[in-house]
Amino acid sequence: MVVGLGLCGTWILSRRAPVVELAAGVLLLGGAVPARDGLTAYEVVATMTRYATRTHWSSLVIREVDGDVVLFAPCDATFRAYELEHRGRLDLSGRDVTIAESLAVAVDALSAGSEHSHLSQHVLRRADTTRTMLALPSWAHPSESWRSANNLAADCTLLEGGSGEVLERMTYLRVGDALARVYRVKDFSSASASGSLLEHIARTPIDFDLSVQLEVVAREQSHRLSARAVHQMRSDEVTASAAGFRRSARSTRIYERLAQREVLVAEGRALVCLAVFVVVSAPSLEVLERDSATLWRRAHDAGLRLERGAGSQIEWFRAQLPGTTTPGARWWTHWATSADLVSLRLPAHDAGSGLGGDALGVSQYGSNFAFDVFDAYGAGLLTNPNVVVAGAIGAGKSTLVKMQIARALARGRRAVVVDPKGEYEELAARHGTRSIALGRDGWCSPFADDEVEGRHLLRALLASAQARALNDEQHYALDEAWNRLGSIPTRVLYELYRILETHLRAEASPQRSLALILHRFIHGDLAGLFDGDGAPLRLGGELAVVDLSAQWSSQSLSVATLSVVAAAQQMVGDESALGYLVIDEAWALMSDSASMRWLHGSWKLARAKGLSHVVVLHRWSDVTRAGNAGSVERDLARGLLRECETAWLFRQPPDEAREMALSLDLHDREVQYLTALPQGAALVRYGAHRSIVRVEPRVSDRRFIDTDAAMRAS
């Protein structure tokens with residue numbers, strides 16, 4: 001550029017300078033000054049000349065031959081294709097980094113050969129489906145996260161059946177019945193260092209193919225190439241310093257990267273040439289222009305510079321296909337090492353739960369999200385069916401739970417809802433029943449026919465009623481009274497009271513204290529709830545909603561909740577049908593240590609009983625009500641929630657999110673999402689998988705999910 005400017009300036013200032021000098025200056029400037037899309041004027045002219053002189057029709061055929069995929073193009077390629085098997089979003093649990101690291105290990109192994117090897121990663125997005133493919137040499141094998149999927153390779157060509165003609169235009173291609181435009185990532189230097197460099201592109205809401213092409217340099221050559229690059233940089237620096245020039249900040253960064261690359265190669269990391277291509281496809285030119293503008297804007301916002309590739313569309317289209325389709329052509333744009341693959345990790349989309357059924361919502365960067373814990377258990381995604389739902393007021397907890405119950409009932413499952421606020425009456429009416437209010441509609445017995453379970457529940461019930469654990473003397477007195485019962489009667493509490501009531505007029509004794517507690521259930525504030533005349537209520541049918549709103553503001557809420565939970569388990573806890581037990585406003589149990597101990601044992605039996613406990617919490621700090629920091633009670637509460645392998649976590653304030661992260665061992669990125677989730681969106685954890693889901697009720701759901709009617713009426 002300097003020489004060109006000098007020649008042109010000399011010709012202008014000197015009248016005797018020959019025209020050849022001006023021509024030489026113009027040529028030098030044309031070869032140095034950027035003219036369009038980062039290309040110099042000389043490169044633009046050369047590209048246009050090549051475009052004008054070559055044929056614009058190209059044939060592509062892709063076939064499976066003897067277990068290999070063979071791509072017949074102007075240059076043939078042979079490889080094997082693999083699809084990444086995953087559910088949910090990998091980046092929320094950190095599995096995307098693990099998969100990228102395993103791929104880096106495979107690349108290091110490929111570099112041990114005596115010749116260069118080629119591999120590529122592809123993200124194929126079509127409508128609401130996104131799939132991730134890996135193309136490897138026939139003799140190489142991926143990690144266990146990938147499964148063979150040679151049939152997926154044909155989708156990379158955008159041609160029906162993987163064969164057909166491609167017509168090249170100056171700035172786009174006609175591929176079969178669709179139009180396509182190919183972009184290449186030219187510069188990553190301004191992109192954010194956190195997360196995946198290609199995250200914003202991979203999540204662009206358009207149809208596209210994202211292709212990361214890697215040429216793995218043989219190890220015996222990689223040491224020489226990396227050392228030569230550092231040596232050349234040092235030589236240039238010495239020359240520039242001798243001429244009086246100082247090293248620029250950009251030169252310093254380049255030198256540091258080269259030096260780091262040389263160290264990594266010396267440590268055994270593979271040296272690779274790479275290029276990233278993005279193919280935007282659309283049915284019409286108008287849609288193609290719109291989607292291309294969206295991609296360009298998303299890339300710019302992410303700090304990535306794209307090349308449009310005018311006049312090079314067919315060359316780039318071939319270069320982004322799996323396999324080595326353009327040997328000898330310089331399609332790559334960057335030198336890197338296998339350690340850099342973590343920064344280019346894929347995918348960033350959500351593969352969903354992989355389960356069938358009616359959707360509960362739409363996953364972010366994915367498709368419809370359907371989920372049933374028993375289906376998930378049957379698919380091997382979970383080891384227990386228990387669920388926790390947590391979130392701030394108005395975040396969407398009740399809407400989700402009601403939708404889950406409605407879908408479960410439609411599939412023949414059972415459900416019992418412990419409803420402390422009277423919010424499930426419409427759901428009950430929708431399914432041909434009505435809420436049961438204890439005391440008004442009768443009483444229910446929490447005791448099953450099993451003597452051992454009955455005795456454990458009785459201890460928890462009495463301890464909860466007196467707000468402290470039973471002491472040794474009370475345990476002994478209770479066992480003696482229980483043994484006098486013989487077989488389990490219909491009115492357990494009444495019969496025990498009859499045995500112990502003779503001690504009411506005696507001096508203080510464990511029998512008297514137990515009699516006083518039982519008096520509350522027979523004649524006191526808890527009378528008519530869990531003991532009474534006549535036969536107890538049977539929580540039968542497909543759906544039972546137990547309304548505890550009368551106990552909502554009383555101190556007996558925890559006792560009432562525990563008793564109803566125990567009674568409900570008799571309905572949904574048999575093997576004739578799988579069932580859900582919803583415990584809304586579960587802080588009533590979390591704040592009671594006796595209830596927590598009993599419930600912890602019940603949790604362990606969920607699989608054997610075919611029962612899913614659904615615990616609904618408003619604040620995660622409700623866990624702290626179980627006891628002081630470091631206490632056994634608080635550990636029990638945290639352990640209970642940690643054993644819920646399915647968690648629907650709605651928006652949380654920062655302090656609650658920190659407590660939740662401690663209890664559930666959340667990944668850093670999960671915590672970031674929790675504090676920023678919009679209303680109606682939840683972070684869903686199911687086993688080792690994660691999704692961000694926007695809950696979307698259907699029209700039929702809106703009849704029973706509305707909990708704001710009173711607010712609007714006022």
Side-chain angles (χ1 to χ4, degrees), residues 36-38 56 58 60 89 120-133 152 154-160 162 164-188 190-191 196-213 275-322 333 344 346-352 362-368 694:
R36 181 179 180 182
D37 295 337
H56 302 306
S58 182
L60 292 177
R89 273 179 52 183
S120 56
Q121 293 184 88
H122 305 262
V123 174
L124 312 177
R125 179 160 185 160
R126 304 286 185 274
D128 60 351
T129 302
T130 307
R131 305 174 74 180
T132 304
M133 191 188 84
L152 187 57
D155 292 349
C156 296
T157 65
L158 299 179
L159 293 167
E160 187 70 26
E165 300 291 327
V166 179
L167 174 62
E168 181 187 21
R169 297 303 187 190
M170 179 63 71
T171 59
Y172 65 93
L173 303 166
R174 180 169 292 279
V175 186
D177 296 330
L179 301 179
R181 177 169 290 153
V182 188
Y183 290 92
R184 184 170 67 178
V185 179
K186 183 178 182 180
D187 189 11
F188 298 94
S190 300
S196 170
L197 294 174
L198 303 175
E199 181 175 349
H200 283 74
I201 291 180
R203 291 177 177 169
T204 305
I206 60 175
D207 284 359
F208 66 85
D209 288 5
L210 175 61
S211 173
V212 179
Q213 299 285 335
V276 177
F277 297 93
V278 187
V279 181
V280 182
S281 57
S284 66
L285 188 58
E286 180 183 1
V287 176
L288 180 66
E289 294 292 349
R290 183 195 64 198
D291 290 351
S292 297
T294 300
L295 173 68
W296 190 273
R297 184 172 58 253
R298 293 291 292 264
H300 180 272
D301 293 343
L304 300 173
R305 291 178 57 194
L306 299 181
E307 295 179 281
R308 289 186 173 90
S312 302
Q313 288 291 291
I314 192 63
E315 296 174 357
W316 287 6
F317 185 75
R318 294 171 188 155
Q320 65 85 34
L321 293 172
T333 56
L344 296 172
L346 302 173
H349 65 275
D350 195 318
V362 178
S363 58
Q364 188 182 43
Y365 312 124
S367 56
N368 290 338
R694 184 177 70 255

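- Residue Tyr172 forms a side chain to side chain contact (heavy atoms under 4.5 Å, CB included) with just one option from Arg181, Arg308, Glu289, and that option is Arg181.
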**Study point:** Residues Leu198, Val212; criterion side-chain contact (heavy atoms from CB on, under 4.5 Å); working and verdict
**Key:** CA-CA 10 Å; Leu198 303 175; Val212 179; 3.8 Å; yes
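- Between the CZ atom of Arg174 and the NE2 atom of His56 there is a distance of 15.0 Å, given to the nearest 0.5 Å.
- Under the 4.5 Å side-chain criterion, counting only non-hydrogen atoms from C-beta, His349 is in contact with Thr132.
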* Asked: Given the rule in the salt bridge (charged side-chain N to carboxylate O under 4.0 Å, His left out) test, do Arg126 and Asp209 qualify, once you have shown the distances and angles that lead to the verdict?
  -> CA-CA 9 Å; Arg126 304 286 185 274; Asp209 288 5; 2.6 Å; yes
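- Contact detail for Met133 and Cys156: the closest heavy-atom pair is CE-SG, 3.6 Å.
- No more than 12 heavy atoms of other residues, nucleotides or ligands sit less than 6.0 Å from atom CD of Glu160.
- A heavy-atom distance below 4.5 Å is not found between the side chains of Val276 and Leu304.
- For the atom pair OG (Ser211) and CZ (Arg184), the distance works out to 12.0 Å, reported to the nearest 0.5 Å.
- Side-chain contact between Phe277 and Thr333: absent, with no pair of heavy atoms (C-beta onward) separated by less than 4.5 Å.
- Considering CZ of Arg125 and CZ of Arg131, their distance stands at 14.5 Å, rounded to 0.5 Å.
- Rounded to the nearest 0.5 angstrom, Glu168 CD and Glu315 CD are separated by 7.5 Å.
- Remark: the Arg89 side chain and the Gln364 side chain contain an N/O donor-acceptor pair separated by less than 3.5 Å.
- Listed here is the closest heavy atom pair of Thr157 and Gly162: OG1-CA, 3.6 Å.
- Across all non-hydrogen atoms, the minimal contact from Gln213 to Leu321 is NE2-O, 3.2 Å.
- For the atom pair CD of Glu199 and OG1 of Thr204, the computed distance is 10.5 Å after rounding to the nearest 0.5 Å.
- A side-chain N or O of Arg318 and one of Ser58 form a donor-acceptor pair less than 3.5 Å apart.
- Rounding to the nearest 0.5 angstrom, the gap separating the CG atom in Asn368 from the OG atom in Ser363 is 8.0 Å.
- Of the listed residues (Leu167, Leu173, Thr171), just one forms a side chain to side chain contact (heavy atoms under 4.5 Å, CB included) with Arg169, and that residue is Leu167.
- Within a 6.0 Å radius of CG in Asp177, no more than 12 heavy atoms belonging to other residues, nucleotides or ligands are found.
- Ala180 approaches Leu158 most closely through the heavy-atom pair CB-CD1, 4.0 Å.
- Ala202 and Leu210 get closest at one heavy-atom pair: CB-CD2, 4.2 Å.
- Between Glu307 and Trp316 the shortest side-chain heavy-atom distance falls below 4.5 Å.
- Counting heavy atoms from C-beta outward, Val123 and Phe208 have side chains that approach closer than 4.5 Å.
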Practice item. Mind running side-chain contact (heavy atoms from CB on, under 4.5 Å) on Leu306 and Arg298 for me, showing each step along the way? Key: CA-CA 11 Å; Leu306 299 181; Arg298 293 291 292 264; over 6 Å; no
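- The two residues Ala282 and Asp291 make their nearest non-hydrogen contact at CB-OD2, 4.4 Å.
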